[in-house]
Amino acid sequence: MNKYKKELQEEIKAEKNQDTSYKTKVLTKYLKNDNVEVKNKAFSSIFSQFTTSSSKS
C-alpha cells in the first residue's frame, strides 16, 4: 500500500505544480500571512499581482 501511496502523492504534486491558479493562490496566501513587503521597485511590480488581489478564502 505504501508503494501506491507514494506514487499517488507524486502524481498529485505533479498535477498541482502545473496548475498556475493553485500556485498563485498559495503564493498569495503566504505573502499575505507573512506580511511580506518588497521594497525594490523592480521586484515589487512582479509580486504586486499576488499582493493586490482581492481577498478570497
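A donor-acceptor pair under 3.5 Å links the side-chain atoms of Asn40 to the main chain of Ala42, judged by distance alone.
Thr24 pairs in a side chain to side chain contact (heavy atoms under 4.5 Å, CB included) with only one of the listed residues (Thr28, Leu27, Val26), which is Thr28.
Using a 4.5 Å cut-off between side-chain heavy atoms of Ile, Leu, Val, Met, Phe, Trp and Tyr, with links allowed through other members, Val36 and Phe47 fall into the same hydrophobic cluster. Put simply, Ile12 and Tyr22 are part of two different groups of oily side chains (I, L, V, M, F, W, Y) that touch within less than 4.5 Å, one to the next.
A 6.0 Å sphere centred on NZ of Lys23 holds more than 12 heavy atoms belonging to other residues, nucleotides or ligands.
Note on residues 1-18: no pairs pass side chain to side chain donor-acceptor pair (under 3.5 Å), not counting sequence neighbours.
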